[in-house]
Amino acid sequence: MQASKPSDPRIVPADADGMARAVTILREGRPVALPTETVYGLAADASRADAVAAIYRTKGRPDFNPLIVHVPDMTSARAIASFDERAEKLAAAFWPGPLTLVLPLQEDAGIAPAVTAGLPTIALRCPAHPVMREVLQASGLYLAAPSANRSGAISPTEAAHVAASLGDGLELILDGGPCKAGLESTIVALRNFEDAPSGWQLLRPGPIDPVAIAALLGEPAIPLADQRIEAPGQLASHYAPGKPLRLGAVSADADEWLIGFGDVAGQDTLSAAGDLAEAAASLYAALHRADASDRARIAVAPVPVGGMGDAINDRLKRAAAG
Ligand code: TXA
Ligand code: MG
């Protein structure tokens with residue numbers, strides 16, 4: 001990965017001026033990169049086929065991979081997707097925030113077909129980040145926004161990661177500092193809408209603990225085994241750095257850049273204190289640094305399972321499969 005210069009003219013502060021520029025570009029149907037509480041997103045008007053095509057083109061994303069649509073509030077969300085009692089409950093508990101709900105798409109929602117890649121469902125998220133919220137409100141648009149990186153590469157948690165990953169295909173990156181959560185939203189699909197409303201699946205682990213979702217819905221998740229892969233974030237190789245990556249390392253070989261955790265110290269650490277939230281927030285930046293280092297290989301210390309540890313290990317496994 002080529003490091004981008006801090007003076008990159010595409011990176012502008014996420015102040016009133018920067019946000020106004022973003023709104024103008026979005027209204028003209030072109031994409032803008034901006035921060036959310038999870039990772040930086042590459043946003044564009046979800047109602048315009050040309051704007052959505054520009055997202056796919058900029059990311060080099062396969063067109064079978066549908067996008068998440070971001071909305072400012074529940075009124076907008078209900079205009080796009082069908083909400084049953086379960087969906088209402090989850091939204092009330094976790095929105096605005098890092099939860100994406102996969103729900104039946106309303107026919108008259110006005111969402112460009114490329115957003116859902118032909119699925120009868122849509123992935124919706126009401127984000128908490130003040131910059132994303134302000135741009136949603138000021139533009140009056142529903143924003144399709146995948147993570148702002150080349151398809152399959154490491155997700156961006158800083159404006160400079162976006163500039164380095166998306167090359168010249170982008171005119172504006174709003175800089176809102178590092179992302180707080182650092183891992184993409186938890187994706188939950190609610191099943192059996194029309195008949196008995198029951199059954200849900202965890203399509204992607206993330207900052208919202210599935211244990212809390214199961215408690216709210218009163219039933220455990222249906223396992224994903226044997227299911228058609230709907231979310232390419234579920235593909236074995238994803239979030240991948242350019243170098244071989246070894247997991248569960250307690251010390252570094254000569255050519256390895258070791259990313260530590262807790263007692264395992266390395267060239268870098270996810271969290272010296274062994275804190276999982278801190279580790280999630282620093283994971284992608286640490287992978288970006290490891291990729292840019294002079295060592296040929298990357299090793300990562302063991303990260304304990306449970307809670308945010310499951311989401312971190314999920315991303316590490318896919319990064320190692322690259
Ligand atoms: O935290 C996040 O969710 C970030 C920020 C920018 O909001 N966005 C993000 O988007 O991670 P993306 O496009 O990188 O991941 C969206 C995932 C993909 O794995 C996609 O396949 C899945 O959501 N997805 C989208 N629509 C779906 C649908 N109708 N059914 C199942 N999966 C869907
Ligand atoms: Mg992504």
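The structure presented is a predicted model; accordingly, all values stated were derived computationally and were not measured. Order of appearance sets the numbers: ligands from 1, and atoms from 1 within every ligand.
Between Cys179 and Tyr40, some side-chain heavy-atom pair lies under the 4.5 Å cut-off.
Of all atoms in ligand 1, numbered sequentially from 1 with element shown, those under 4.0 Å from a heavy atom of Ser185 are 1 (O), 2 (C), 3 (O). Residue Ile187 approaches ligand 1 through these ligand atoms, each under 4.0 Å from one of its heavy atoms: 17 (C), 23 (O). In the vicinity of Ala145, heavy-atom distances shorter than 4.0 Å reach the ligand 1 atoms 6 (C), 8 (N), 10 (O). The atoms of ligand 1 that sit less than 4.0 Å from any heavy atom of Leu119 are 28 (C), 29 (N), 30 (N). Here is the list of ligand 1 atoms found below 4.0 Å of a heavy atom in Thr121: 28 (C), 29 (N), 30 (N).
With a 6.0 Å radius and a threshold of 12 heavy atoms from other residues, nucleotides or ligands, Lys180 has its NZ atom at or below the threshold.
Residue Arg125 has at least one nitrogen or oxygen atom sitting less than 3.5 Å from a nitrogen or oxygen atom of ligand 1, judged on distance alone. Looking at Tyr40 next to ligand 1, no N or O pair under 3.5 Å apart turns up. Considering backbone and side-chain N/O of Thr38, one or more are found under 3.5 Å from N/O of ligand 1. Between Ser147 and ligand 1, an N or O atom pair is found at a separation short of 3.5 Å.
Ser155 and Arg315 share no donor-acceptor pair across their side chains, judged by distance under 3.5 Å alone. Side-chain atoms of Ser185 and Thr38 form no donor-acceptor pair, as typed in the model, at a separation below 3.5 Å.
Arg48 contributes no side-chain N or O that, together with a main-chain N or O of Arg30, makes up a donor-acceptor pair within less than 3.5 Å. Looking at Thr186, its side chain does come within 3.5 Å of a backbone N or O of Ile208 through a donor-acceptor pair. The backbone N or O of Ile122 sits nowhere less than 3.5 Å from a side-chain atom of Thr116 that would complete a donor-acceptor pair.
Under 4.0 Å is where a charged nitrogen must lie from a carboxylate oxygen, and between Asp314 and Arg318 at least one such pair does. The pair Glu184-Arg204 does not count as a salt bridge, with every side-chain nitrogen at least 4.0 angstrom from each carboxylate oxygen.
Look at Asn65 and you'll find a heavy atom under 4.0 Å from some atom of ligand 1. Taking a 4.0 Å cut-off on heavy atoms, His70 registers as neighbouring ligand 1. Ligand 1 lies nowhere less than 4.0 angstrom from a heavy atom belonging to Glu37.
When all heavy atoms of Ser147 and Pro156 are compared, the pair lying nearest together is CB-CD, 4.2 Å.
When non-hydrogen atoms are compared, ligand 1 lies under 4.0 Å from neither the backbone nor the side chain of Met132. Looking at Leu203 against ligand 1, only its side chain comes within 4.0 Å, counting heavy atoms.
Closest heavy-atom approach to atom 12 (P) of ligand 1 within the set Ala117, Pro146, Ala144, Pro104: this belongs to Pro146.
Among the atoms of Ser147, an N, O or S atom is found under 2.8 Å from the Mg ion (ligand 2).
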